[in-house]
Amino acid sequence: MFTKETYQKRRELLKLTVKSGILLFLGNDECGMNYADNTYHYRQDSTFLYFFGSDYAGLNAIIDIDENREIIFGDELTIDHIVWMGTQPTIKEKSEAVGINETAPSNQLKEYLGKAIAQGRKVHYLPPYRPEHQVKLLNWMNIHPDQAVENSSSEFVQAVVNQRNYKTEEEIIQIEEAVNITADMHLTAMRMAKPGMKESEIAAAVQEVAIRAGGQLSFPTIATINGQTLHNHYHGNTIKSGDMVLIDCGAENGMHYAGDMSSTFPVNKTFTERQREIYQVALNAHEAAIAELRPGVRFKDVHLKACKTIAEGMKQMGFMKGDMDEAVHQGAHALFFQCGLGHMMGLDVHDMENLGEVYVGYNGEAKSTQFGLKSLRLGRELEPGFVLTIEPGIYFIPELIDMWKAEKKFADFINYDKVEEYKNFGGLRNEEDFLITKDGARLLGKPIPKTIEDVESQRS
């Protein structure tokens, strides 16, 4: 945990922003995998962690702005719990560690909220993302699960986003630790992969690095020879000569801050000529995007710069034709680059995704509905303190190619005869994490190999 003063300052700023009402914070409970006592690895809600720091199940909290009260609700462990779980700090001790002096049993929260509602007072809560949250809202405030997200407080959401988006120096230290662990995960994968190995062996090895460093994975590992599937969590293939391996993985450190990096490397000691050419186009887009990072620049424009670089590279190789500015404007490049350039990162690998990209990544502006561009999670003007990823890629998705070709979609911009020759190429990407500074951007953590020469040096 940070010092209690950190959490006190965060809560004070939040109260000044929202100004009135009751702020309800839903902590996470344990969740059974296949029966109640066989639980998934526990993870506290990130916003609860941000404002209250307590990494324990069964806690909820309120900030009553009007009455100037901050209360953590929870139940003390019984002897039966202690037999199985060991001794833990009391709720009072957990709360005092973050500057909270008032606690109460869990069953008193419903009464507190009911009294406030009867008085016509506003209870703010964030959009629920777990069924247990929906059940609590139904039980405490008679909010049906179908209306739980709809009735959440946009004012509360925006206040939280406007704090958590700007990372402090102490947060940057934690993120950088997570990114350094993440870099070690990728180096491990690059150095160990060989023909005949299962994808699962690589996935296991990178997870070991994260756990050995005292943390966990920040998201399920992607370790695949089928890089054209953007979020591929299947690890059952055997890697063979001529394949490329795409790794997208990240560590969550002990303070629950995330790292997120991607790398692509050949199973052989060197890339094939085809792989080298496509890899270099994606790398050019990566470097072009990094060069644009600074305060005042819209990330949407950085994304479009990467798209244009990919389109021009693919035109030079014969995959595209015509005016590449117009091709990108219409979205023809999305046959090869279907996702966004990057996203915010912090306590969540896609930071605050449950609070809505329209607030986190777009500052309230509407997102595009165009294929490809609609998947861009971050489009707003960049500001100092933002932490984000850069991850352009090139993907040959056979089903998408077949569909667009049958529809003659963007026939003025796409040379489908050439694309057919590469339809089973797969996909690749690199990804790094950056902090926006007052005059530019800074790479977070130690760099991992990304040039062709540096990648191949790890494979020799």
Side-chain angles (χ1 to χ4, degrees), residues 1-2 4 6-8 10-12 14-15 18 20-32 36 39 42-82 85 87-143 145 148 151-153 156-157 159-160 163 256 347 354-355:
M1 293 169 60
F2 296 119
K4 70 178 180 180
T6 289
Y7 299 103
Q8 288 171 324
R10 289 173 175 178
R11 295 193 298 269
E12 285 301 315
L14 185 64
K15 287 188 282 188
V18 182
S20 67
I22 294 173
L23 306 179
L24 172 62
F25 297 82
L26 298 167
N28 285 341
D29 297 332
E30 296 281 11
C31 180
T39 61
Y42 179 71
R43 177 55 156 83
Q44 181 61 284
D45 174 74
S46 293
T47 297
F48 195 94
L49 279 175
Y50 185 84
F51 289 103
F52 296 94
S54 289
D55 195 13
Y56 300 95
L59 302 178
N60 299 285
I62 63 159
I63 297 176
D64 190 328
I65 300 172
D66 306 321
E67 296 188 4
N68 196 29
R69 298 176 72 183
E70 300 175 341
I71 310 172
I72 291 181
F73 294 83
D75 298 319
E76 300 294 355
L77 298 182
T78 66
I79 189 62
D80 288 333
H81 290 116
I82 292 171
M85 300 167 58
T87 303
Q88 290 187 13
T90 66
I91 292 175
K92 185 174 186 293
E93 290 169 337
K94 297 170 186 172
S95 303
E96 287 178 345
V98 293
I100 301 285
N101 298 315
E102 192 172 358
T103 63
S106 294
N107 61 13
Q108 291 187 15
L109 180 52
K110 180 178 180 178
E111 179 184 348
Y112 195 103
L113 295 174
K115 181 180 177 181
I117 292 170
Q119 294 172 341
R121 301 179 62 205
K122 175 69 174 177
V123 177
H124 302 268
Y125 68 88
L126 301 174
Y129 58 92
R130 285 189 171 190
E132 73 203 48
H133 296 160
Q134 296 177 339
V135 171
K136 289 176 181 180
L137 293 170
L138 177 63
N139 182 39
W140 296 337
M141 296 192 292
N142 199 33
I143 297 174
N151 291 339
S152 61
S153 170
F156 191 11
V157 167
V160 170
Q163 281 190 236
H256 297 293
L347 278 169
N354 65 297
L355 300 186

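What you are looking at is a predicted structure, and each value in this text was computed from that prediction instead of being measured. Residue indices begin at 1 and follow the sequence shown.
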* A148 versus I143, closest heavy-atom pair with distance -> CA-CG2, 3.8 Å

* **Side-chain heavy-atom pair R11, E70 within 4.5 angstrom cut-off** => yes

* To do: Answer yes or no: is there a side-chain heavy-atom contact under 4.5 Å between L49 and R43?
  => yes

* Would you mind checking if E96 and K92 are paired as a salt bridge, meaning a charged N to carboxylate O distance below 4.0 Å? => yes

* Please name the pair of heavy atoms, one in Q8 and one in V98, separated by the smallest distance, quoted to 0.1 Å. => CG-O, 4.0 Å

* To do: In plain terms, say whether D64 and R121 are close enough for a salt bridge, that is, a side-chain N and a carboxylate O under 4.0 Å apart.
  => yes

* To do: With side-chain contact (heavy atoms from CB on, under 4.5 Å) as the test, would you mind laying out the steps for Y125 and K136 before giving the verdict?
  => CA-CA 12 Å; Y125 68 88; K136 289 176 181 180; over 6 Å; no

* Asked: How about Q44 and F52: do any of their side-chain heavy atoms sit closer than 4.5 Å?
  -> no

* Structure fact -> d(Q119 CD, I117 CD1) to nearest 0.5 Å is 10.5 Å

* **Rounded distance (nearest 0.5 Å) linking atom CG of N107 with atom CZ of F73** => 10.0 Å

* **Verdict with supporting geometry, Y129 and D45, side-chain contact (heavy atoms from CB on, under 4.5 Å)** => CA-CA 10 Å; Y129 58 92; D45 174 74; 2.7 Å; yes

* Can you tell if the side chain of F156 reaches within under 4.5 Å of the side chain of L355, non-hydrogen atoms only? -> no

* Min side-chain heavy-atom separation M1-T6 under 4.5 Å -> no

* Sequence neighbours excluded, which residues qualify as side-chain hydrogen bond (donor to acceptor under 3.5 Å, both in side chains) partners of K122? -> none

* To do: Could you tell me whether the side chain of Q134 and the main chain of P128 form a donor-acceptor pair under 3.5 Å?
  => no

* Go through the steps for L26 and W140 under the test side-chain contact (heavy atoms from CB on, under 4.5 Å), then give the verdict. => CA-CA 12 Å; L26 298 167; W140 296 337; 3.3 Å; yes

* Asked: For T90, does its backbone N or O pair with a side-chain atom of E93 as donor and acceptor, under 3.5 Å?
  -> yes

* Asked: Above 12 or not: heavy atoms from other molecules or residues under 6.0 Å from CD of E102?
  -> yes

* Structure fact -> Closest heavy-atom pair, S106 versus D75, reported as atoms and distance to 0.1 Å, is N-OD1, 3.1 Å

* Could you grab the distance from atom OG1 of T87 to atom CD1 of I82, nearest 0.5 Å is fine? => 5.5 Å

* Asked: Quick one: are I72 and K94 in side-chain contact, heavy atoms under 4.5 Å?
  -> no

* **Straight-line distance of N142 CG to K110 NZ, nearest 0.5 Å** => 9.0 Å

* Side chains of L126 and H133: closer than 4.5 Å at any heavy-atom pair? -> no

* To do: Quick one: closest heavy-atom pair of P127 and V157, and the distance?
  => CD-CG2, 3.5 Å

* **Closest contact, heavy atoms only, Y42 versus D29** => CE1-O, 3.6 Å

* Asked: Side chains of L24 and L109: closer than 4.5 Å at any heavy-atom pair?
  -> yes

* Asked: Taking all atoms of both residues into account, what is the closest heavy-atom pair of E67 and Y112, and its distance?
  -> OE1-OH, 3.9 Å

* **Inter-residue atom distance N60.CG - N28.CG, 0.5 Å rounding** => 9.5 Å

* Asked: To the nearest 0.5 Å, how far apart are CG in N354 and CZ in R130?
  -> 11.0 Å

* To do: Only counting residues at least two apart or in another chain, list the ones meeting ring-ring contact (aromatic ring centres under 6.0 Å, His included) with F51.
  => F25

